[in-house]
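This report refers to the structure that appears directly beneath it.
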Amino acid sequence: MPKIVLGIESSCDDTSVGLTADGRILANVSRSQLEHAEYGGVVPELASRAHLRLVTRVAEAAIKSAGLSFRDVDAIAVTRGPGLPGALMVGVSYAKGLALALGKPLIGVHHMEAHIHALWASRSPDSAPAGPIAPLIALIVSGGHTYLARLESPLEIQILGRTLDDAAGEAFDKTAKMLGLGYPGGPQLDALAELGQPHRFHFSRARVPGLDFSFSGLKTSVLYFLEDQVQKNPKFIQENIHDLCAGVRTAVVDMLLEKTRRALEESALNRLGIVGGVAANRLLRREATALMESLNGVLYLPDFEFCTDNGAMIALSGHFRLMRGHTDDLSCTPDPALPWTS
Ligand code: KG4
Ligand code: ZN
């Protein structure tokens with residue numbers, strides 16, 4: 001009988017539950033919380049309340065969509081951190097209740113490790129999905145984190161670089177806000193940039209040693225440039241929105257891929273996986289494809305559904321841990337700043 005893992009994700013503003021059978025995805029049901037849009041960012045207290053309201057229904061919908069009953073579940077995986085304290089508390093408490101009621105093991109999962117495990121996400125009806133060929137380099141780009149890592153296997157991950165300040169998604173969202181776009185601005189900025197000239201406006205790229213990133217300088221450079229131009233012409237942003245978005249997008253993608261190229265070179269590898277919400281960015285996808293073609297390499301990009309926060313990646317993480325016999329007891333607690341030590 002295949003081992004069924006139920007995964008619960010509640011670290012930010014997505015309530016999501018996924019199910020895997022021996023690592024193959026059976027269901028992935030998500031509810032985004034739209035109530036944050038009017039505040040221009042995620043409101044932690046609203047997120048906790050929304051998770052509480054949604055988690056039972058989302059879990060029931062996932063079980064139904066997989067054609068299972070809760071009694072079929074062999075283990076319950078849940079995001080322990082990093083994330084918003086109250087939001088994590090809802091997911092972990094629900095997972096503990098389920099583990100206790102079903103008499104099944106609980107598995108605490110690191111959110112960023114789970115983003116990487118999305119590279120193994122497959123709904124293929126064949127038994128266990130093969131996943132990417134390791135070793136490989138992973139670029140993890142989300143709203144809260146930016147990492148470069150080297151993977152030897154799903155649970156052997158070496159962090160090579162990280163952001164020293166803002167995350168890549170945050171850089172998109174904050175500059176999008178300066179340009180008057182709604183929240184989260186990343187996808188809108190990407191769509192508008194498709195119609196713009198990428199090299200009309202040049203924004204500064206950070207020079208950070210090694211494989212680390214920094215995006216706060218870009219944010220400041222956009223802010224000062226816009227303040228200066230708007231003073232001369234109050235309609236400057238509206239009149240140049242496409243080129244401004246294209247200029248920002250090119251700067252972020254250049255910085256991401258410059259370090260990625262260096263990580264590949266230094267590791268002498270030509271396999272790359274990109275995960276996290278920013279992996280949806282059209283320019284990043286195009287440029288990463290071109291980079292890997294030039295290196296005669298392979299690019300792994302999970303379906304968008306598995307790039308943003310989702311329960312299926314948590315179930316996959318649980319699956320890999322269960323195979324190694326890693327489970328937690330009911331004293332497992334959420335940790336908003338959970339270190340990544342693998
Ligand atoms: O992984 P994710 O869903 O949540 C976190 O764990 O943070 O990532 C969300 C981030 C947001 O910052 C959002 O603006 C960004 O991913 N994002 C994009 C695009 N789609 C989502 N950024 C740029 N271009 C996109 N197409
Ligand atoms: Zn995430």
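Indexing begins at 1, ligand by ligand and atom by atom, following the structure's order. Remember, predicted model here, so these are calculated numbers, not experimental data.
Nearest to atom 1 (O) of ligand 1 among the protein's heavy atoms is Gly277 N, 3.0 Å. Closest to atom 24 (N) of ligand 1, if we only count protein heavy atoms, is Asn281 ND2, 2.9 Å. Looking only at heavy atoms of the protein, atom 26 (N) of ligand 1 is closest to Asp190 OD2, 2.9 Å. The closest protein non-hydrogen atom to atom 15 (C) of ligand 1 is Val278 CG2, 3.9 Å. Of the protein's non-hydrogen atoms, the one nearest atom 10 (C) of ligand 1 is Gly143 N, 3.5 Å.
Between Cys245 and Glu194, every side-chain heavy-atom pair lies at or beyond the 4.5 Å cut-off.
Between Pro187 and ligand 1, no pair of N/O atoms sits closer than 3.5 Å. Ligand 1 has a nitrogen or oxygen under 3.5 angstrom from a nitrogen or oxygen of Gly169. At least one N or O atom of Asp173, backbone or side chain, sits closer than 3.5 Å to an N or O atom of ligand 1. Residue Asp14 has no nitrogen or oxygen atom sitting less than 3.5 Å from a nitrogen or oxygen atom of ligand 1, judged on distance alone. Between Asp309 and ligand 1, at least one pair of N/O atoms sits closer than 3.5 Å.
Counting only distance, with no hydrogens or angles, the side chain of Thr327 and the backbone of Pro105 share no donor-acceptor pair below 3.5 Å.
Salt-bridge formation is not detected for the pair Lys235/Glu239: no Lys NZ or Arg NE/NH1/NH2 atom is positioned less than 4.0 Å from an Asp or Glu carboxylate oxygen. Between Asp173 and Lys177, no side-chain nitrogen of the basic residue sits less than 4.0 Å from a carboxylate oxygen of the acidic one, so the salt-bridge criterion is not met. Salt-bridge annotation for Glu60 and Lys64: absent, with no side-chain N of the basic residue lying under 4.0 Å from a carboxylate O of the acidic one.
Under 2.8 Å from the Zn ion (ligand 2) lies no N/O/S atom of Cys12, from backbone or side chain alike.
Residue-level proximity to ligand 1 for His115 is carried by the side chain, the only part with a heavy atom below 4.0 angstrom.
The closest approach between any non-hydrogen atom of Cys12 and ligand 1 is not below 4.0 Å. The shortest heavy-atom distance from His111 to ligand 1 is under 4.0 Å.
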Practice item. Please lay out, stage by stage, how Glu305 and Arg123 fare under the test salt bridge (charged side-chain N to carboxylate O under 4.0 Å, His left out). Key: CA-CA 12 Å; Glu305 172 188 9; Arg123 289 181 185 273; 2.6 Å; yes
Review point. Given the rule in the side chain to side chain contact (heavy atoms under 4.5 Å, CB included) test, do Val141 and Leu256 qualify, once you have shown the distances and angles that lead to the verdict?
Key: CA-CA 9 Å; Val141 271; Leu256 288 174; 3.7 Å; yes
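Looking at His115, its N, O or S atom nearest to the Zn ion (ligand 2) turns out to be NE2. No other N/O/S atom of Asp309 lies as close to the Zn ion (ligand 2) as OD1 does.
Side-chain contact annotation: Asp14 with Gln33, donor-acceptor N/O pair under 3.5 Å absent. Judged by distance alone, the side chains of Asp309 and His115 do bring a donor and an acceptor atom under 3.5 Å apart.
Short contacts between ligand 1 and Gly144, defined as distances under 4.0 Å to a heavy atom of the residue, involve ligand atoms 7 (O).
When every heavy atom of Leu264 is checked against every heavy atom of Leu272, the shortest pair comes out as CD2-CB, 4.4 Å.
Aromatic ring pairs are classed by plane angle as parallel below 30°, tilted from 30° to 60° and perpendicular above 60°; the pair His110 and Trp340 is parallel.
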